[in-house]
Structure formats: structure tokens, C-alpha cells
Amino acid sequence: MPSPVDPPSACRFHTRCPWATEICSEEEPPLAEYSSGQAAACHHPRNVDQGQISRTEVAPDSPESASERLPGAEPTAAATR
Ligand code: SF4
């Protein structure tokens, strides 16, 4: 379990997430707004389809420390395994 006072860089879950890929340890995911009205900060969201991913935008309240790279910029975790 990572230290909560010194969390991992990039995505804070990348050391224990089963779907983590290289980008997860390199870039903090932006908070993304989906057409369904949901928002999530994950490079490989698993509960949205490709159509929703293609219409995703960075949320106005996404952290400044996060990258601008939205899901879909690289192959999905499922496609790389
Ligand atoms: S798949 Fe999502 S939750 Fe898992 S490490 Fe990557 S960005 Fe974080």
C-alpha cells in the first residue's frame, strides 16, 4: 500500500491497479467529462464505450497537475494485454 503522505506520482493508483499501463506511471490522468454526465480521472476507463470516449472533454476543474491526454490517446489496457 503506498504512503498516503507520499503517494505515487502520475496516477496515484498505478502501483496497485490491475489495468495500469506505462502512461499511468508517467502522466496524471485529467478529469474527463463523458457525454453521460459522469466524470472520471483514468487513462483506461472501463465503463464507457468508444463512442463516449471519442466525445470526452477535459473537465474545467481538472487539476493543473494533470495531463491533457484524454482516454483513447493510446490503446486500451484490454487491447494491450
Ligand atoms: S488504469 Fe486508471 S486507475 Fe488504473 S492506474 Fe491507470 S489511470 Fe490509474
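One-based numbering, in listed order, for ligands and for the atoms of each.
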query: For the side chain of S62 and the backbone of A59, is there at least one donor-acceptor N/O pair under 3.5 Å apart?
result: no

message: Can you tell me how far apart CD (E26) and NE2 (H43) are? Round to the nearest 0.5 Å.
response: 9.0 Å

message: Using only atom types and a distance under 3.5 Å, with no angle test, would you say the side chain of T56 pairs donor to acceptor with the backbone of A32?
response: no

- line: The protein heavy atom nearest to atom 6 (Fe) of ligand 1 is C24 SG, 2.3 Å

message: Just by distance, no angles: are the side chains of H44 and T21 close enough, under 3.5 Å, to form a donor-acceptor pair?
response: yes

task: Would you indicate which of A41, S25, C17, P18 comes nearest to atom 4 (Fe) of ligand 1 when only heavy atoms are counted?
output: C17

- line: Of all protein heavy atoms, the one nearest atom 7 (S) of ligand 1 is H43 N, 3.2 Å

statement: Of all heavy-atom pairs linking P71 and P45, the shortest is CB-CD, 3.7 Å

- request: Check whether any N, O or S atom of C42 sits under 2.8 Å from atom 8 (Fe) of ligand 1.
  value: no

statement: If we number the atoms of ligand 1 from 1 as shown, the ones under 4.0 Å from a heavy atom of H14 are 5 (S)

Closest approach of any protein heavy atom to atom 8 (Fe) of ligand 1, naming residue and atom: C11 SG, 2.3 Å

